[in-house]
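Since the structure comes first, as structure tokens, the remarks are kept for the end.
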Amino acid sequence: MNKITSWVLSLSAVACVCFCGCGRPGTSEIGGESSAEEGSGTLEGVAELSPQEAKDLLASEEAVTVLDVRTAEEYVQGHIPGAVNVDVRDPGFDAAIDELDRSEPFLLHCGSGNRSKIAVEKLKEAGFTRIYHLTEGLKGWREAGNPVSAEVEEVEEEAP
């Protein structure tokens with residue numbers, strides 16, 4: 001059994017334990033096997049998570065880095081607390097992800113799930129092995145009532 005097959009089987013087992021009963025049927029895909037209907041747009045080899053599944057993952061004891069792949073302008077308007085902003089459309093995206101530890105787990109998201117699919121593919125091509133994808137993006141995250149942080153510029157008041 002090669003390392004990739006072994007890793008996929010291990011991840012599948014962990015995912016079954018972690019997510020069994022947590023999500024809606026057909027929303028998760030682990031190791032390329034999906035219970036979703038054909039044409040659902042799943043990404044092979046990537047754990048696709050609903051907002052609740054992503055929240056559960058982030059609440060688990062495992063340290064997961066959240067990558068927000070939207071623009072800096074979108075990021076400051078609101079983001080998942082603790083997320084790191086790396087714009088997938090920025091020419092420096094590939095160099096930025098090259099600095100990351102490929103063995104660490106990453107949860108990727110954008111606004112609705114489209115740009116993050118591109119980012120997921122780029123991470124897979126770069127050799128990352130532990131990728132989670134928030135399929136509904138920040139929009140779904142917010143609609144589920146999950147917390148969102150916003151960076152607000154602090155303006156110092158002048159002394160009277």
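- With rounding to the nearest 0.5 Å, the separation of CH2 in Trp141 from NE2 in His109 is 8.5 Å.
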Open item on the list: Please determine whether side chain to side chain contact (heavy atoms under 4.5 Å, CB included) holds for the pair Thr135 and Leu49, giving the CA-CA distance in whole Å, both sets of side-chain angles, and the decisive distance to 0.1 Å.
Closed with: CA-CA 6 Å; Thr135 59; Leu49 306 182; over 6 Å; no
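- If you take OH on Tyr132 and CG on Leu67, they are separated by 13.5 Å, rounding to the nearest 0.5 Å.
- Side-chain contact check for Lys124 versus Val46: some heavy-atom pair is nearer than 4.5 Å.
- Taking the side chain as every heavy atom from C-beta outward, Leu100 and Phe128 approach each other to under 4.5 Å.
- Every residue was checked against the side-chain hydrogen bond (donor to acceptor under 3.5 Å, both in side chains) condition with Thr65, not counting sequence neighbours, and none meets it.
- Glu99 contributes no side-chain N or O that, together with a main-chain N or O of Ala96, makes up a donor-acceptor pair within less than 3.5 Å.
- The backbone N or O of Ile80 lies less than 3.5 Å from no partner atom in the side chain of Ser149, so there is not a single donor-acceptor pair.
- Taking Ser60 as the reference, Leu57, Glu62 meet the side-chain contact (heavy atoms from CB on, under 4.5 Å) condition, with sequence neighbours excluded.
- Contact check for Leu108 versus Val66: no side-chain heavy atoms found under the 4.5 Å cut-off.
- A distance-only check finds a donor-acceptor pair linking the side chain of Glu53 to the backbone of Ser50 [under 3.5 Å].
- The minimum heavy-atom distance linking Ala126 with Ile97 is given by the pair CB-CD1, 4.2 Å.
- With rounding to the nearest 0.5 Å, the separation of SG in Cys110 from NZ in Lys139 is 11.5 Å.
- Note: Gln52 CD to Asn146 CG = 6.5 Å, rounded to the nearest 0.5 Å.
- Note: Ile131 CD1 to Glu104 CD = 13.0 Å, rounded to the nearest 0.5 Å.
- Residues Pro147 and Pro81 share a closest heavy-atom pair of O-CD, 3.3 Å.
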TODO: I would like to know whether Arg115 and Glu74 meet side chain to side chain contact (heavy atoms under 4.5 Å, CB included); could you show each step before the answer?
DONE: CA-CA 13 Å; Arg115 284 176 283 176; Glu74 290 171 301; 2.8 Å; yes
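- Atoms CD and OG, on Glu121 and Ser116 in that order, are 11.0 Å from each other to the nearest 0.5 Å.
- Of the possible donor and acceptor atoms, none in the side chain of Tyr75 sits under 3.5 Å from a partner among the backbone N and O of Val84.
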Return all side-chain donor-acceptor pairs below 3.5 angstrom for residues 85-95, not counting sequence neighbours, or 'none' if the list is empty.
| from | atom 1 | to | atom 2 | distance (Å) |
| --- | --- | --- | --- | --- |
| Asn85 | ND2 | Asp68 | O | 3.1 |
| Asn85 | ND2 | Arg70 | O | 2.9 |
| Asp87 | OD1 | Arg89 | N | 2.8 |
| Asp90 | OD1 | Gly92 | N | 2.6 |

